[in-house]
Protein chains: 2
Amino acid sequence: MLTQQPLQEFLDNLAGDTAVPGGGSVAATAGAMAAALVSMVCNLTIGREKYAAVEAQMQETLTRSEALRRRLTELVEEDVAAFNAVMNAFKLPKQTEEEKEARRAAIQEGYKQATIVPLETARACAELIRLAKTVIENGNPNAASDGGVAVLCAQAGLKGAALNVLINLSSIKDQAFVSEHQAALDDILAEHDALAHDVYQTLKSGFIGVE
Amino acid sequence: MLTQQPLQEFLDNLAGDTAVPGGGSVAATAGAMAAALVSMVCNLTIGREKYAAVEAQMQETLTRSEALRRRLTELVEEDVAAFNAVMNAFKLPKQTEEEKEARRAAIQEGYKQATIVPLETARACAELIRLAKTVIENGNPNAASDGGVAVLCAQAGLKGAALNVLINLSSIKDQAFVSEHQAALDDILAEHDALAHDVYQTLKSGFIGVE
């Protein structure tokens with residue numbers, strides 16, 4: 001399990017000359033770090049009298065961010081599994097017509113799975129951008145910059161996952177599947193990339209000249 | 001050492017109710033993941049006859065990305081140390097005038113260090129955006145999406161480190177220090193945020209409709 005490896009070893013494995021773990025796992029890891037930072041801001045807010053008015057909202061946000069963190073940690077591994085499934089399908093025998101057809105179907109099924117995994121990463125990161133906005137606006141202001149880094153990591157995870165969705169969609173012959181998943185991605189991406197941009201700019205402007 | 005912890009444990013520590021590790025360490029981690037992905041694309045390019053023309057360039061890029069990865073891994077820890085130094089300065093005695101003055105000086109020195117650390121993270125991430133551009137344009141095209149995720153992580157690291165620079169600068173009284181470091185940050189940020197945006201858009205456009 002990648003997420004049981006020391007961070008240093010995870011980075012060493014990334015840097016090596018094999019295609020996985022690669023960008024798909026890193027996108028999910030960036031999302032998991034965003035989730036952890038959202039949780040941190042919630043935990044620095046919850047239980048303090050000063051922030052009693054937002055206690056329920058922070059509890060709710062924490063429940064979601066922790067659920068997304070768990071899921072994104074799984075997606076780090078699932079990205080590797082999806083890539084390996086495609087590679088294994090390519091290695092299937094292709095002597096007879098039946099073999100060729102079975103191989104072709106397995107490759108196509110592999111690419112579909114390798115699209116669905118990063119699309120889920122993208123969705124989770126999009127939700128984290130919204131959660132990070134909530135903790136920046138209503139959570140402990142001493143941790144606002146941590147909320148800001150959460151937005152940036154979730155944005156990197158979203159856009160990085162999007163690249164992985166697109167590259168796999170480009171190998172899929174089922175045009176209905178391609179259209180549906182491309183449209184789903186476009187919807188998530190346009191809205192949340194713009195939202196992340198706005199949240200960051202607002203936060204950054206607030207930091208310049210703060211005393 | 002944070003980077004000796006399993007990734008899962010690192011995320012658990014982030015999510016907890018203490019201010020460190022926090023956004024500063026995450027920014028450096030995002031940068032270290034970017035460096036690892038740049039190294040990966042180099043390693044998937046070097047030694048292959050097909051890419052002999054760019055062999056020297058990829059070797060040079062790999063040397064830099066690995067140096068930056070080592071440095072960013074250290075900066076993950078240095079961010080925590082810099083934050084703790086500020087916190088410890090606040091706990092110094094403040095009974096006599098001498099104590100007050102020593103405490104004030106230690107706090108100011110702490111904030112300066114807590115500015116210099118993320119500024120170095122920002123600089124390293126900026127260089128990684130340029131290196132990622134190089135591997136996307138000239139490295140093994142099968143790993144182009146990994147180069148793309150590298151750009152996005154380096155951009156998140158750069159902008160996340162920038163928030164940490166700004167928040168600490170806002171507590172520093174030495175106006176010459178503030179002006180100098182604010183200007184240095186502005187220079188790095190404007191140029192490389194735009195560069196990262198362009199590299200991502202170009203890469204993404206190329207993926208849509210690729211067969």
Side-chain angles (χ1 to χ4, degrees), chain A residues 2-8 10-12 14-19 22-24 26-27 29-30 32-33 35-37 39-40 43-44 46 65-66 69 73 76 142-150 152-153 155-157 159-160 162-164 166-167 170-171 182 200 203-204 207-211, chain B residues 2-8 10-12 14-19 22-24 26-27 29-30 32-33 35-37 39-40 43-44 46 65-66 69 73 76 142-150 152-153 155-157 159-160 162-164 166-167 170-171 182 200 203-204 207-211:
Chain A
L2 291 172
T3 53
Q4 298 308 320
Q5 290 174 359
L7 180 56
Q8 182 64 67
F10 175 68
L11 293 168
D12 290 342
L14 276 179
D17 67 348
T18 51
V26 169
T29 304
M33 291 200 298
L37 286 174
S39 297
M40 170 184 155
N43 282 321
L44 288 167
I46 291 167
S65 60
E66 287 296 278
R69 182 157 77 92
T73 306
V76 173
N142 294 327
S145 68
D146 302 293
V149 178
L152 294 164
C153 282
Q155 184 181 29
K159 294 165 83 173
L163 292 179
N164 284 274
L166 292 172
I167 197 90
S170 72
S171 298
Q182 170 92 54
Y200 174 78
L203 184 66
K204 183 166 167 272
F207 282 175
I208 297 172
V210 166
E211 185 62 29
Chain B
L2 291 172
T3 55
Q4 298 308 319
Q5 290 174 358
L7 180 56
Q8 182 65 66
F10 175 68
L11 293 168
D12 290 342
L14 276 179
D17 67 349
T18 52
V26 169
T29 304
M33 292 201 298
L37 286 173
S39 296
M40 171 184 153
N43 282 321
L44 288 167
I46 290 165
S65 59
E66 287 296 278
R69 181 157 77 92
T73 307
V76 173
N142 294 327
S145 67
D146 302 293
V149 178
L152 294 163
C153 282
Q155 185 181 26
K159 294 165 82 174
L163 292 179
N164 284 276
L166 292 172
I167 197 92
S170 72
S171 298
Q182 170 91 55
Y200 174 77
L203 184 66
K204 182 165 167 273
F207 282 177
I208 297 172
V210 166
E211 186 64 32

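Owing to the predicted nature of the structure, the values given are computational and were not obtained by experimental measurement. Proteins come first, then strands; the chains are lettered A, B, ... in the order of their sequence lines, and each starts at number 1.
Of the residues listed (A:Leu2, A:Leu11, A:Thr29), the one engaging B:Leu7 in a side chain to side chain contact (heavy atoms under 4.5 Å, CB included) is A:Thr29, and it is the only one.
The backbone N or O of B:Ser145 lies less than 3.5 Å from no partner atom in the side chain of A:Asn164, so there is not a single donor-acceptor pair.
Note on A:Asp146, A:Asn142, A:Val76: by heavy-atom pairs under 4.5 Å with chain B, the leading option is A:Asp146. Ranked by heavy-atom pairs under 4.5 Å with chain A, the list B:Gly160, B:Ala36, B:Ser39 is led by B:Ala36. Interface summary for chain B: among A:Asn43, A:Leu163, A:Asp17, the most heavy-atom pairs under 4.5 angstrom belong to A:Leu163. Annotation: maximal heavy-atom pairing with chain B below 4.5 Å, among A:Ala143, A:Ala156, A:Gly157, occurs at A:Ala156. In terms of non-hydrogen atom pairs under 4.5 Å with chain A, the most contact-rich of B:Met33, B:Lys204, B:Lys159 is B:Lys159. Of the listed residues (A:Ala19, A:Ala35, A:Ala27), the one with the most heavy-atom contacts under 4.5 Å to chain B is A:Ala19.
Residues that satisfy the salt bridge (Lys or Arg N to Asp or Glu O under 4.0 Å) test with B:Asp12, not counting sequence neighbours, are A:Arg69.
Residue A:Gly23 comes nearest to B:Leu37 through the heavy atom pair N-CD2, 3.8 Å, listed as atom of the first residue, atom of the second, then distance. When every heavy atom of A:Met40 is checked against every heavy atom of B:Leu14, the shortest pair comes out as CB-O, 3.1 Å. Nearest approach of A:Phe207 to B:Ser170, heavy atoms of both residues: O-CB, 4.1 Å.
Only the backbone of B:Thr18 comes within less than 4.5 Å of a heavy atom in chain A; its side chain stays farther off. Residue contact with chain A, scored on non-hydrogen atoms closer than 4.5 Å, is absent for B:Ala144. The contact between A:Gln4 and chain B is made by backbone and side chain atoms together, counting heavy-atom distances below 4.5 Å.
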